[in-house]
Amino acid sequence: MTTAIIGVGNIGGAVARHLVAGGESVVLAATDQSHAEALADELGPLARAASVEDAIADGDAVVFAVWLDTIKELIPQQARRLEGKVVIDPSNPIGFDESGQPFRTLPEGQSAGSVVVALLPAGAHYGKAFGTLAADSLATAAHREPRRAVLFYATDDDTAATTIERLIRAAEFDPLKAGGAAEAGRIEAPGGDLHQFGLGGELVDLDQARVAVGDEASASARPARVAGSAVGRSREG
């Protein structure tokens with residue numbers, strides 16, 4: 001399969017590097033096409049650059065590794081091309097003020113996932129994934145030994161779940177489902193108890209992650225940390 005990655009900043013670039021290292025083909029698109037072309041050249045024959053339209057058309061799965069506001073613009077524009085695609089959403093409802101301090105961009109209780117789901121065409125297969133770690137951790141924590149780090153995901157769709165688990169494993173992490181799309185907020189920052197910040201900044205292995213998923217009451221009581229520099233501001237390339 002081919003995975004389209006829209007945005008080649010901190011998140012999209014890390015996902016692309018991990019997938020290619022795991023033998024997956026990727027097609028890259030970015031606002032500045034030269035950034036996508038440069039990353040494709042770096043990654044070799046399993047990667048190529050394309051326009052956003054062509055990347056989505058050519059991908060079996062589409063990762064929107066851009067800010068939530070950009071996703072809100074792109075999905076209506078590309079709705080026809082997203083029919084039948086697995087759409088992977090790593091977005092978090094977070095922004096930064098002029099002093100660099102993070103703030104929540106959606107009302108409490110509303111997840112970025114719920115916003116994205118509402119925009120998608122009925123035939124798309126939605127899953128929330130690849131946004132549960134700080135950008136630096138996502139970049140550096142693949143193929144951890146002796147036990148892999150976990151990437152949580154959320155979906156109600158079996159096709160999306162199968163694809164997401166395949167891609168997470170190809171990226172050298174362990175996948176674990178946190179729940180359906182209604183649980184997307186648990187794996188988002190700020191406030192999600194299963195996001196790395198909600199876990200006190202820790203990376204968890206599969207056993208620890210299973211405990212965390214099943215321990216919502218005590219997990220939600222922990223303070224969620226939002227570190228401005230760790231989130232990774234450059235989602236979009």
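A donor-acceptor contact closer than 3.5 angstrom links the side chains of Asp97 and Ser99. Defined by atom type and a distance below 3.5 Å, a donor-acceptor pair is present between the side-chain atoms of Asp89 and Tyr126.
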Exercise. Given the rule in the side chain to side chain donor-acceptor pair (under 3.5 Å) test, do Gln196 and Ser137 qualify, once you have shown the distances and angles that lead to the verdict?
Worked result: CA-CA 9 Å; Gln196 184 181 4; Ser137 295; 3.0 Å; yes
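Hydrophobic clustering keeps Val27 apart from Val52 (ILVMFWY residues linked when any side-chain heavy atoms are closer than 4.5 Å, directly or through intermediates). Transitive grouping of hydrophobic side chains (ILVMFWY, heavy atoms separated by less than 4.5 Å) brings Val15 and Ile164 into a common cluster.
In this structure the side chain of Pro175 never reaches within 4.5 angstrom of the side chain of Val150, judged on heavy atoms.
In this structure, Thr163 contributes its side chain and Ala160 its backbone to no donor-acceptor pair below 3.5 Å. Within the 3.5 Å criterion, the main-chain N or O of Arg148 finds no donor-acceptor partner in the side chain of Asp205. Within the 3.5 Å criterion, the main-chain N or O of Gly59 finds a donor-acceptor partner in the side chain of Lys85. Within the 3.5 Å criterion, the main-chain N or O of Val66 finds no donor-acceptor partner in the side chain of Thr70. The backbone N or O of Gly191 sits nowhere less than 3.5 Å from a side-chain atom of Arg186 that would complete a donor-acceptor pair.
Note: His18 and Phe173 meet the aromatic proximity criterion, with ring centroids under 6.0 Å apart.
A salt bridge links Lys128 with Glu188: the closest approach of a Lys/Arg side-chain nitrogen to an acidic carboxylate oxygen falls below 4.0 angstrom. A salt bridge links Glu42 to Arg17: one of the charged nitrogens lies within less than 4.0 Å of a carboxylate oxygen. Ionic pairing of Arg147 and Asp207 is present here: one or more N-O contacts between side-chain nitrogen and carboxylate oxygen are shorter than 4.0 angstrom. Taking a cutoff of 4.0 Å between a charged side-chain nitrogen and a carboxylate oxygen, Glu24 and Arg166 qualify as a salt bridge.
Here the straight-line distance linking atom OG1 of Thr162 with atom NE2 of His125 works out to 10.5 Å at 0.5 Å rounding. Atoms CG and CG, on Leu138 and Asn10 in that order, are 9.5 Å from each other to the nearest 0.5 Å. Interatomic distance, Thr140 OG1 to Leu133 CG, rounded to the nearest 0.5 Å: 9.0 Å. For the atom pair Asp60 CG and Thr159 OG1, the distance stands at 12.0 Å (nearest 0.5 Å).
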